[in-house]
Amino acid sequence: MRERRETEVNIVYLTTEAVPFAKTGGLADVCGTLPSRVAGLGHRTAIVMPAFRSVHQSHAGVEPTDISFAIPMSPRKLVGCRLLRGRLPSAQDVPVWFIDQPQYFDRESLYGTATGDYPDNAERFSFFCRAAIQAIQRIGWNFDIVHCNDWQTGPIPSMLAADQNLSPALKNHATFMTIHNLAYQGNFPKSEFEWTGLDWQHFNQDEFEFYDRVNFLKAGIATADTITTVSPRYSEEIRTKEHGCGLEAVLENVSDRISGITNGIDQSVWNPKTDTKLAANYDAKSWQQGKLANKRALQQQFALEQSDEVPMIGLVGRLAEQKGWDLILPVLRWHLGENRPTQWIVLGSGDAQFEHELRALKEEHPDRFALHIGFSDMLAHRIEAGSDIFVMPSHYEPCGLNQLYSIRYGTIPVVTPTGGLADTVVDHNEISVADETATGFHLHTISPQGLDDAIGRALHLRYHHPQQWAKLIETGMTQDWSWKKSAMEYESLYAKTLALKSAAKRTE
Ligand code: ADP
């Protein structure tokens with residue numbers, strides 16, 4: 001066996017998403033990057049995730065192994081699976097283990113279709129949790145930290161605590177539960193609890209039970225040794241009624257072991273100086289010409305009116321209520337309907353009603369509004385580079401990545417001061433101008449008018465104070481949002497958790 005350094009920690013990340021294998025949102029960006037950055041600090045990391053269809057299609061060198069086993073999902077249902085093995089393309093020393101169970105995971109999408117969630121999600125993800133625990137014990141390493149992510153892995157800390165037969169691989173482990181989005185909890189009818197394979201004694205108020213239903217995330221929060229969110233502000237907000245999604249009391253109960261670590265961004269992928277998806281590369285010194293070339297390319301690609309002067313306002317994100325489309329749509333209508341001098345570009349997919357309204361606006365104003373419904377990584381990069389302003393008026397935002405990409409690409413973010421948006425975008429005001437920290441604009445009231453006002457403040461600065469506008473861009477572009485700082489914060493929290501755990505063991 002490989003020798004371990006004294007300070008080295010072995011961490012396994014359990015997740016349903018990791019770039020480049022499976023992605024629906026920011027969870028994939030985090031789990032595809034954090035393990036390699038933590039490994040870069042001298043630790044040993046691995047990922048375990050389901051072999052979704054996108055994994056088979058990823059062409060990222062996924063190989064079968066000869067490890068297979070079965071899980072008794074019910075007295076008459078034994079479900080087999082085998083392990084596949086790959087590596088993070090960005091970090092060859094990080095193995096990724098996939099649970100291959102085609103009936104559960106080889107489907108069109110990860111969690112459901114446009115008509116709703118898959119009806120057997122409690123079964124599918126209970127299976128994933130149970131199989132992942134088996135997989136961890138067959139990989140051949142001893143793990144110190146089992147790092148769970150979001151509701152799909154919420155049952156794992158309880159399952160580990162209840163398991164009397166854990167192998168030495170997990171003998172001294174501690175558990176982490178990271179909440180990437182509290183709104184998604186894995187909340188199912190009580191009868192679905194059976195799939196976890198746990199004794200009904202775990203269906204209690206301090207674990208899985210939530211108003212006589214089963215709640216996977218609640219169990220994870222209540223039983224993990226350490227709980228984190230993806231920004232400090234969000235870790236506080238979710239303990240309030242307004243943002244707690246019904247779990248505020250559960251979160252308050254664990255307030256001594258919850259904290260927030262802001263996500264980083266993968267600066268090798270999101271770097272305007274080297275980004276091969278762009279029409280032109282640029283940096284904090286050459287952004288004027290670089291961004292203009294990218295704007296012209298977008299105008300050409302979408303047959304918008306060609307104009308260097310007109311400000312381009314960009315949006316990329318899920319068409320979900322969370323992202324503030326109820327604020328965006330009226331503002332978009334005002335700008336387009338009143339012929340205000342702005343151009344807009346939207347990339348997104350999701351809710352059919354928002355999609356319908358956006359399509360109708362596109363029909364009416366094809367020369368001032370570019371719309372792409374669907375998922376396009378290429379276009380996401382191009383919008384970040386070619387826009388002057390990026391709008392992100394989320395009603396809540398655990399961390400948010402797009403505002404960080406915007407800051408990096410010299411595109412001024414206009415955001416709601418909530419969660420990670422509040423933690424990462426500094427509002428332009430007298431104080432932040434004086435201390436040269438301003439990087440964007442906050443909505444001062446959460447309404448369409450509030451959004452329009454914030455965009456108006458941004459446009460005013462751009463037209464009337466171009467030097468201050470340039471200062472905002474250059475301040476943001478030279479900030480460091482790399483994963484290094486976040487990875488170091490996780491590293492110290494892993495060490496602290498392990499120290500507390502072993503101290504508690506000594507006093508047992
Ligand atoms: P969330 O995880 O809530 O969806 P984040 O801002 O944290 O929001 O992360 C979203 C990620 O998904 C970003 O990398 C963003 O660029 C990407 N993304 C979202 N929608 C699309 C889309 N339609 N096409 C391409 N990328 C998208």
Side-chain angles (χ1 to χ4, degrees), residues 15-34 54 109-111 114 149-152 178-184 229-231 233-234 238 243 245 260-272 275 277-278 298 314-325 328 345-352 354-355 358 370-387 390-409 411 413-416 418-425 440 481 483 486:
T15 177
T16 49
E17 301 186 27
V19 166
F21 301 107
K23 170 167 175 168
T24 67
L27 170 65
D29 296 276
V30 177
C31 290
T33 315
L34 177 65
S54 58
S109 49
L110 273 52
Y111 313 120
N149 292 279
D150 274 352
W151 71 265
Q152 298 90 337
T178 295
I179 305 166
H180 299 259
N181 193 335
L182 186 68
Y184 302 91
T229 61
V230 286
S231 68
R233 177 77 65 109
Y234 191 62
I238 56 177
H243 291 288
C245 304
I261 298 177
T262 305
N263 289 334
I265 59 174
D266 187 341
Q267 297 198 150
S268 62
V269 176
W270 291 94
N271 180 354
D275 189 336
K277 299 184 174 80
L278 305 189
L298 279 180
L315 295 99
V316 179
R318 288 180 293 118
L319 301 181
E321 267 174 43
Q322 174 198 342
K323 300 292 176 186
W325 293 99
I328 297 160
I345 182 159
V346 171
L347 164 65
S349 64
D351 185 287
F354 292 136
E355 182 181 324
L358 287 165
L371 174 68
H372 182 99
I373 298 288
F375 201 92
S376 166
D377 194 41
M378 167 82 95
L379 188 54
H381 283 247
R382 291 183 166 203
I383 291 175
E384 290 292 5
S387 304
F390 190 90
V391 172
M392 197 163 169
S394 308
H395 290 291
Y396 68 91
E397 195 57 75
C399 176
L401 292 169
N402 279 311
Q403 85 281 10
L404 294 176
Y405 301 150
S406 301
I407 289 173
R408 182 107 178 104
Y409 279 59
T411 303
V414 173
V415 304
T416 333
T418 184
L421 297 174
D423 283 341
T424 57
V425 177
W481 290 107
W483 266 102
S486 324

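In each ligand, atom 1 is the first atom listed, and ligand 1 is the first ligand listed. Worth knowing before you read on, the calculation uses all heavy atoms, side chains too, and leaves out hydrogens, waters and symmetry mates.
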* Quick one: look at Asp29 and ligand 1, take heavy-atom pairs under 4.0 Å, and tell me if it's side chain, backbone, both or neither. =>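 Side chain only.
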
* State whether a side-chain donor-acceptor pair under 3.5 Å links Glu397 with Thr416. =>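 Not at all, the side chains of Glu397 and Thr416 share no donor-acceptor pair under 3.5 Å.
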
* **Side-chain donor-acceptor contact under 3.5 Å, Ser406 with Glu384** =>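 Side chains of Ser406 and Glu384: pair found under 3.5 Å.
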
Give yes or no for whether the N/O distance cutoff of 3.5 Å, strictly under, is met between [X] and ligand 1.
| X | value |
| --- | --- |
| Asn402 | yes |
| Arg318 | yes |
| Leu347 | no |

* Look only at the side chain of Glu17 and the backbone of Thr24, and say whether a donor-acceptor pair between them is shorter than 3.5 Å. =>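 Judged by distance alone, yes, a pair lies under 3.5 Å.
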
* Verify the ring-centre separation between Tyr184 and Trp151: is it less than 6.0 angstrom? =>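 Ring-ring flag for Trp151/Tyr184: false, centres at least 6.0 Å apart.
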
* Heavy atoms only: which of Lys323, Gln322, His180 is nearest to atom 1 (P) of ligand 1? ->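 The nearest heavy atom belongs to Lys323.
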
* Nearest neighbour of atom 23 (N) of ligand 1 from the list Ser376, Gly400, Ser394, Gly374, on a heavy-atom basis ->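 Ranked by closest heavy atom to atom 23 (N) of ligand 1, first place is Gly374.
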
* **Ligand-side contact atoms (ligand 1) for residue partner Gly26, heavy atom cut-off under 4.0 Å** =>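 Every atom of ligand 1 under 4.0 Å from some heavy atom of Gly26: 1 (P), 2 (O), 7 (O), 9 (O), 10 (C).
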
* To do: Go through ligand 1 atom by atom and flag the ones less than 4.0 Å from a non-hydrogen atom of Lys23.
  =>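 Per the distance check, 11 (C), 12 (O), 14 (O), 17 (C).
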
Any [X] side-chain heavy atom under 4.5 Å of [Y] side chain:
| X | Y | answer |
| --- | --- | --- |
| Thr424 | Trp481 | yes |
| Asp29 | Tyr405 | yes |
| Tyr111 | Thr16 | yes |

* To do: Name the closest protein heavy atom to atom 7 (O) of ligand 1, giving the residue it belongs to and the distance to 0.1 Å.
  =>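 Atom 7 (O) of ligand 1 sits closest to the protein heavy atom Leu401 N, 3.4 Å.
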
* To do: Identify, for atom 22 (C) of ligand 1, the protein heavy atom at the shortest distance, and state residue, atom and that distance.
  =>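 Sorting protein heavy atoms by distance from atom 22 (C) of ligand 1 puts Phe375 CD1, 3.5 Å first.
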
